[in-house]
Q: 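Starting off with a structure, shown below.
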Protein chains: 2
Amino acid sequence: MAKSIRPAPLHVTLAVVFQVRERALQVLMWQRGRDPDKGRWALPGGYLDQGETLEQSIRRQLAAKVDVRELAHLEQLETRSEPERNPRGWELATAYLGLVPSDVDPAVPADTAWHPVDPVPPAAFDHGEIVGAGLRRLRAKLSYTNIGFALAPDVFTLSELRTIYVAALGREVSATNLQRVLLRRGVLERTGSKRDPGRTGGRPAELFRFRAPRLEVTDQFAVLRPPRRELRSATR
Amino acid sequence: MAKSIRPAPLHVTLAVVFQVRERALQVLMWQRGRDPDKGRWALPGGYLDQGETLEQSIRRQLAAKVDVRELAHLEQLETRSEPERNPRGWELATAYLGLVPSDVDPAVPADTAWHPVDPVPPAAFDHGEIVGAGLRRLRAKLSYTNIGFALAPDVFTLSELRTIYVAALGREVSATNLQRVLLRRGVLERTGSKRDPGRTGGRPAELFRFRAPRLEVTDQFAVLRPPRRELRSATR
DNA sequence: GCAAAAGTGTTGTGTCTACACCCATGT
DNA sequence: ACATGGGTGTAGACACAACACTTTTGC
């Protein structure tokens with residue numbers, strides 16, 4: 001068979017793992033101890049093993065290297081193939097987007113840390129561009145899907161959710177309108193219970209939760225909508 | 001170096017190439033002459049060569065196999081990795097979405113043909129799912145980007161454009177509203193000239209063209225829009 | 001009572017669909 | 001004249017941002 005003589009590239013999986021921490025969107029990276037790009041920050045990941053899928057591979061890398069089993073969402077981002085992307089040799093990389101809810105604090109190895117994403121930290125190889133791609137994907141999906149569930153705790157007040165959206169989108173979001181948009185779409189639901197106000201007082205906040213724990217498109221036909229008849233029978 | 005002993009999967013690139021032909025969205029496939037999956041239809045593509053990028057690879061495959069240089073748009077779709085996806089052995093596949101304007105008719109080899117996409121033809125391997133992914137991507141982008149430029153001729157009447165959107169979306173679209181939506185967004189512009197009516201008469205149709213020949217997001221903030229102040233300064 | 005925090009009422013705006021109507025041509 | 005295909009006017013639906021206002025607590 002010709003298979004054994006055909007050259008094949010090495011293949012790695014990488015993950016852009018985001019979490020909202022201290023009111024900022026942060027990305028998990030580790031500091032390279034060796035050349036090339038020694039001292040720069042790299043995305044977690046590693047080589048694909050024989051017989052595993054890309055998703056199994058990135059889950060394995062994340063579980064082994066950074067004890068992140070709290071991954072609430074994981075989706076494929078893109079596959080990079082520039083021959084010069086790794087100076088050591090030909091290597092393809094398939095990147096994933098991972099999201100961790102804001103109420104957990106995974107233990108990470110000594111060389112690994114969370115970095116605010118606003119200025120992307122000096123990154124190894126093409127990892128800075130990959131972080132940018134993850135950021136664009138996350139921000140887009142925040143407006144037309146329920147992806148917020150993967151960044152938020154199980155239950156939360158609306159001002160907590162607002163903090164998360166502000167951090168992730170990098171701009172102001174009003175709690176008033178956030179509530180109405182997400183409730184109307186059926187993305188959020190009220191739990192019925194309330195949170196005790198602090199010693200500073202104030203009206204007790206209602207607790208909400210996301211209705212579905214999986215990604216759903218909530219605003220499928222933002223524009224160029226199908227005729228109303230179809231909408232009513234198919235979507236409603 | 002450890003590189004030479006690490007097992008790496010073979011890597012192929014595939015393309016879902018769509019064109020609107022005879023008022024239907026069709027996909028380019030070739031019929032396999034050998035097992036596995038002999039007689040079933042497969043997407044064009046082939047093995048990645050050393051030192052080339054995925055995009056170079058799929059462009060080479062398309063140019064060599066099916067003389068499609070009229071590709072008006074090409075974007076990466078997804079990378080598939082299920083170990084059993086090719087029974088002959090471990091093989092990853094990176095799929096691309098390609099679009100051909102409706103006014104050209106590329107010459108294709110004898111084993112290759114266009115297939116209406118409504119029932120996806122009996123496909124080899126996981127190619128049916130890949131066609132589905134391409135279809136979803138195209139349909140979504142038709143509503144929030146200018147991607148129609150890649151399916152339409154350089155200039156066209158609105159009823160011609162309507163035919164293309166109807167075929168691609170698989171549902172009714174009114175020419176009236178299509179015109180207004182696309183004109184308002186600045187996606188379309190009038191050429192100033194008109195098309196002669198046939199011998200059947202009728203008011204001569206204005207000719208339009210897409211303003212930009214590259215993909216642009218035209219409806220970035222479909223929902224959860226940023227505050228008006230930011231919109232005015234940044235977008236307008 | 002008053003400050004603080006949360007939630008609701010309401011208005012205005014922009015963008016879309018739907019449909020009636022008007023326009024320009026060939027026969 | 002009138003059939004035919006193309007374009008416009010306009011009303012209504014809807015979802016959103018903005019902001020004033022009300023509710024509920026602690027002190």
Side-chain angles (χ1 to χ4, degrees), chain A residues 142-144 155-163 165-166 169 171-208 218-232 235-236, chain B residues 142-144 155-163 165-166 169 171-188 190-208 218-233 235-236:
Chain A
L142 277 172
S143 40
Y144 69 90
V155 298
F156 44 82
T157 68
L158 252 151
S159 56
E160 289 162 357
L161 188 65
R162 172 180 174 276
T163 306
Y165 271 73
V166 167
L169 291 173
R171 62 172 173 83
E172 278 311 305
V173 175
S174 109
T176 300
N177 294 331
L178 187 63
Q179 183 199 42
R180 279 204 265 245
V181 168
L182 297 185
L183 275 180
R184 171 165 17 165
R185 292 185 186 168
V187 170
L188 289 189
E189 63 184 9
R190 301 174 196 266
T191 64
S193 47
K194 296 177 189 283
R195 164 154 308 166
D196 252 31
R199 28 205 154 285
T200 158
R203 176 171 168 174
E206 284 188 73
L207 290 172
F208 294 81
T218 58
D219 198 49
Q220 177 114 47
F221 303 104
V223 284
L224 235 58
R225 299 189 186 91
R228 258 181 235 297
R229 287 178 282 280
E230 288 183 39
L231 240 188
R232 294 221 194 286
T235 320
R236 293 287 154 120
Chain B
L142 277 172
S143 41
Y144 70 91
V155 299
F156 43 83
T157 68
L158 252 150
S159 57
E160 289 163 359
L161 188 64
R162 170 180 176 277
T163 306
Y165 272 74
V166 167
L169 291 172
R171 60 172 173 84
E172 277 311 305
V173 175
S174 106
T176 301
N177 295 330
L178 188 63
Q179 183 197 44
R180 278 204 268 247
V181 168
L182 297 185
L183 276 180
R184 170 161 21 163
R185 293 186 185 166
V187 170
L188 289 189
R190 301 174 196 266
T191 63
S193 46
K194 297 179 190 283
R195 164 155 309 167
D196 250 31
R199 30 206 153 284
T200 157
R203 176 171 168 175
E206 284 188 73
L207 290 172
F208 293 81
T218 58
D219 197 48
Q220 177 114 46
F221 302 105
V223 282
L224 236 57
R225 299 191 184 89
R228 263 185 233 295
R229 286 179 282 281
E230 289 184 40
L231 243 187
R232 292 219 195 286
S233 59
T235 318
R236 294 287 155 124

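Below, each value reflects all heavy atoms present in this structure, side chains not excepted, and no hydrogens, waters or symmetry copies. Just so it is clear, the structure is predicted and the values come from calculations on it, not from any experiment. Letters A, B, ... mirror the listed sequences (proteins, then strands); counts begin at 1.
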Q: Using side chain to side chain donor-acceptor pair (under 3.5 Å) as the criterion, list what pairs up with A:Thr163, not counting sequence neighbours.
A: none
Q: Is the shortest side-chain N/O distance from B:Arg184 to OP1 or OP2 of C:dT17 below 4.0 Å?
A: no
Q: How does each nucleotide of nucleotides 21-27 of chain D score, in 5' to 3' order, for protein heavy atoms under 4.0 Å: base (B), sugar-phosphate only (S), or none (-)?
A: --BBBSS
Q: Kindly say if B:Gln179 contacts the phosphate of D:dG6, meaning a side-chain N or O under 4.0 Å from OP1 or OP2.
A: no
Q: In terms of side-chain heavy atoms of A:Arg180, which of C:dT15, C:dC19, C:dT10 is nearest?
A: C:dT10
Q: Starting at the 5' end of DNA chain D, which residue's closest nucleotide do you reach first, B:Thr176 or A:Thr176?
A: B:Thr176
Q: Roughly, in whole Å, what's the span from CG in A:Leu183 to C1' in D:dC16?
A: 15 Å
Q: Under the salt bridge (Lys or Arg N to Asp or Glu O under 4.0 Å) test, which residues partner B:Arg184, sequence neighbours left out?
A: none
Q: Residues in side chain to side chain donor-acceptor pair (under 3.5 Å) with A:Thr200, at least two apart?
A: none
Q: If you look at every strand shown and take non-hydrogen atoms under 4.0 Å, does B:Thr157 touch a base, only sugar-phosphate, or nothing?
A: nothing
Q: Applying salt bridge (charged side-chain N to carboxylate O under 4.0 Å, His left out) as the test, list every pair that has at least one member in residues 192-202 of chain B; sequence neighbours left out.
A: B:Glu160-B:Arg195
Q: Check whether any side-chain heavy atom of B:Arg185 sits under 4.5 Å from a side-chain heavy atom of B:Val181, and report yes or no.
A: yes
Q: Checking A:Arg190 now: which residues fulfil side chain to side chain donor-acceptor pair (under 3.5 Å) with it, not counting sequence neighbours?
A: A:Glu206
